[in-house]
Asker: 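Sharing a structure with you now.
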Amino acid sequence: MTAIGSNQENKLNALQELLTNTVDYAGLFPPASLSLDQVVANYSQYQASDEKSMLARLILPANKLQAFEKEVQSSPDVTGLPWKISGLVPPIQFNNGTASAEALENALATIQKFNSDHSDIGQVDVVEVKVTNESELNATVESIPESIIPFIEIPLAKLELLDQISAARSTQKVFAKIRTGGIAPELIPSVQSVASFIIRCASLELGFKATAGLHHPIRSEYRLTYEEDSKIATMHGYLNLFVAASIAFHHKTPIDTITAILETSDANQFKITPQAISWRDLTVTGEQIRKFRERGLASFGSCSFLEPVSEIVAIDSINSTDLFPDQN
């Protein structure tokens with residue numbers, strides 16, 4: 001994840017700049033819902049794969065860290081340690097104006113103990129947490145130690161909370177988070193609401209990550225789960241999202257343009273060269289994308305790593321741009 005600690009020594013082409021360290025692997029969660037031992041085995045395999053450049057953090061609930069430690073220690077073939085981990089922590093609860101942060105504080109204590117005791121296995125350097133209002137947001141940010149970077153998920157109906165997240169950057173590094181899908185059609189937000197989120201973040205120069213419903217690079221109709229009778233719905237594409245966000249951050253484009261990029265279902269509308277990526281007449285260079293990744297879009301969470309990788313390879317070959325040059 002370029003924005004918060006990736007070390008890139010070699011010059012990358014534009015597509016590599018856009019997609020390096022992008023997939024936060026969340027195999028524990030639906031629709032994959034894998035067991036912890038399978039998730040550990042998968043992440044280890046991905047760490048050793050030719051496509052590992054797209055792999056970012058492993059997503060784990062804080063209450064799974066002890067089980068994760070035991071699983072890694074009992075698996076002799078695990079590679080690539082120590083792993084970078086994003087910890088999911090419970091939100092602060094407000095009842096009748098009174099805040100209850102006990103669950104959050106316990107989760108943060110678990111994370112800090114894990115970081116202290118198991119640096120050879122992994123480090124939880126970011127956490128992800130939901131908030132629903134300004135009081136929860138302020139209390140949450142105050143609770144998280146400076147050594148851990150929070151990604152704050154907000155309801156898309158309350159984009160004004162992005163202003164508060166931005167204001168919190170005066171005291172510590174903090175990012176936003178958007179939920180872009182789910183296992184039911186009604187959980188997929190509209191392109192207008194996602195575009196509004198992107199535009200607001202761009203105006204604030206506020207970095208963010210996305211999660212859910214982004215297995216595929218291009219917007220289209222897909223099955224929502226792996227079941228044969230799964231419902232089909234139009235899902236957002238992660239290439240659409242990344243290109244839209246990079247253009248919004250660089251060009252300060254209006255919302256109707258960002259909406260149109262998010263709605264694009266033809267991969268050929270995206271022109272990809274080693275030097276730049278374009279959508280129609282709007283272009284971002286590799287250097288501009290690098291700067292955008294440093295402060296803009298961090299990553300996206302996905303319960304699959306293989307789907308996002310295999311589908312972008314087909315688009316990559318159409319445009320004759322190497323994403324995984326080690327394969328050649």
Side-chain angles (χ1 to χ4, degrees), residues 19 22-46 49 51 54-61 64 86 88 128 130 151 153-157 177-195 197-198 208-245 259-270 297 299-318 323:
L19 296 180
T22 50
V23 183
D24 287 332
Y25 180 55
L28 285 174
F29 301 91
S33 301
L34 301 177
S35 61
L36 182 60
D37 62 329
Q38 187 61 63
V39 168
V40 169
N42 285 353
Y43 193 84
S44 177
Q45 177 184 343
Y46 305 151
S49 70
E51 300 82 14
M54 274 187 69
L55 188 64
R57 284 166 173 74
L58 176 65
I59 306 293
L60 291 175
K64 294 285 188 182
S86 179
L88 303 187
E128 302 178 30
K130 295 180 180 180
F151 281 76
E153 180 180 340
I154 67 166
L156 286 179
K177 178 181 174 183
I178 180 174
R179 189 163 294 273
T180 47
I183 59 174
E186 62 270 19
L187 297 177
I188 302 173
S190 68
V191 288
Q192 291 80 11
S193 60
V194 176
F197 179 94
I198 291 173
F208 69 94
K209 74 167 286 185
T211 193
L214 289 173
H215 290 196
H216 311 282
I218 300 296
R219 177 178 174 82
S220 189
E221 287 191 341
Y222 303 99
R223 292 190 180 276
L224 295 178
T225 73
Y226 300 117
E227 303 298 326
E228 289 186 1
D229 59 350
S230 169
K231 290 183 178 179
I232 295 174
T234 301
M235 300 170 68
H236 294 287
Y238 70 80
L239 185 64
N240 298 73
L241 180 74
F242 272 51
V243 172
T259 299
I261 299 172
L262 293 173
E263 288 179 332
T264 299
S265 58
D266 179 5
N268 292 321
Q269 293 293 311
F270 299 98
L297 185 53
S299 59
F300 67 94
S302 172
C303 72
S304 171
F305 178 67
L306 299 181
E307 279 183 318
V309 166
S310 62
E311 293 190 24
I312 196 66
V313 166
I315 297 172
D316 177 28
S317 64
I318 291 172
L323 179 56

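Residue numbers start at 1 and run along the sequence shown. Being a predicted model, the structure only gives us computed values, none of them experimental.
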Asker: For Tyr25, what residues pass the side-chain hydrogen bond (donor to acceptor under 3.5 Å, both in side chains) criterion, not counting sequence neighbours?
Answerer: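 By the side-chain hydrogen bond (donor to acceptor under 3.5 Å, both in side chains) rule, Tyr25 matches Asn42.
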Asker: Would you name the heavy atoms of Ser190 and Ser193 that are closest together and state the gap between them?
Answerer: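 Closest approach of Ser190 to Ser193, heavy atoms only: O-OG, 2.8 Å.
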Asker: In chain order, what residues pass the side chain to side chain contact (heavy atoms under 4.5 Å, CB included) check against Asp266, with sequence neighbours excluded?
Answerer: Asn268, Gln269
Asker: Taking only residues two or more places apart in sequence, or in another chain, which ones meet Ser265 in a side chain to side chain contact (heavy atoms under 4.5 Å, CB included)?
Answerer: none
Asker: So, for Tyr238 and His215, which heavy atoms are closest and what is the spacing to 0.1 Å?
Answerer: CE2-O, 4.0 Å
Asker: Test of understanding: with side-chain hydrogen bond (donor to acceptor under 3.5 Å, both in side chains), list the residues that count as partners of Ser44, not counting sequence neighbours.
Answerer: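 Residues passing side-chain hydrogen bond (donor to acceptor under 3.5 Å, both in side chains) with Ser44: Thr79.
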Asker: Kindly write out the residues that satisfy side-chain hydrogen bond (donor to acceptor under 3.5 Å, both in side chains) with Thr259, not counting sequence neighbours, or none if the list is empty.
Answerer: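 Per chain and number, Thr259 pairs via side-chain hydrogen bond (donor to acceptor under 3.5 Å, both in side chains) with no residue.
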Asker: Should the ring pair Phe197 and Phe208 be called parallel, tilted or perpendicular, given that the plane angle runs from 0 to 90° and is split at 30 and 60?
Answerer: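 If you compare the ring of Phe197 with that of Phe208, the planes turn out perpendicular.
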Asker: Holding to ring-ring contact (aromatic ring centres under 6.0 Å, His included), I want the full list of residues that pass it with Tyr43, two or more places apart in sequence or in another chain.
Answerer: Trp83
Asker: Could I get the full list of side-chain hydrogen bond (donor to acceptor under 3.5 Å, both in side chains) partners for Ser220, not counting sequence neighbours?
Answerer: none
Asker: How would you list, by chain and number, every residue that makes a ring-ring contact (aromatic ring centres under 6.0 Å, His included) with Tyr222, sequence neighbours excluded?
Answerer: His216
Asker: Does CD1 in Ile183 sit with more than 12 non-hydrogen atoms of other residues, nucleotides or ligands closer than 6.0 Å?
Answerer: no
Asker: Determine the minimum heavy-atom distance between Pro308 and Leu214, stating which atoms define it.
Answerer: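 Residues Pro308 and Leu214, closest heavy atoms: CG-O, 4.4 Å.
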Asker: Please report the shortest heavy-atom distance between Phe270 and Ile218, naming the atom on each side.
Answerer: CE1-CD1, 3.8 Å
Asker: How far apart are the closest heavy atoms of Leu28 and Pro61, and which atoms are they?
Answerer: CD1-CD, 3.9 Å
Asker: Enter the distance from Thr180:OG1 to Leu187:CG here, rounded to the nearest 0.5 Å.
Answerer: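 Rounded to the nearest 0.5 Å, the OG1-CG separation comes out at 11.0 Å.
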Asker: List in chain and number order the residues that pass side chain to side chain contact (heavy atoms under 4.5 Å, CB included) with Ser310, two or more places apart in sequence or in another chain; answer none if no residue qualifies.
Answerer: none
Asker: Enumerate the salt bridge (Lys or Arg N to Asp or Glu O under 4.0 Å) contacts for residues 177-193, please, sequence neighbours excluded, ordered by first and then second residue.
Answerer: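 Sorted result for residues 177-193: Glu128-Lys177, Glu153-Lys177, Glu153-Arg179.
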Asker: Identify, with sequence neighbours excluded, every residue that meets side chain to side chain contact (heavy atoms under 4.5 Å, CB included) alongside Ala41.
Answerer: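 Partners of Ala41 under the side chain to side chain contact (heavy atoms under 4.5 Å, CB included) test: Gln38.
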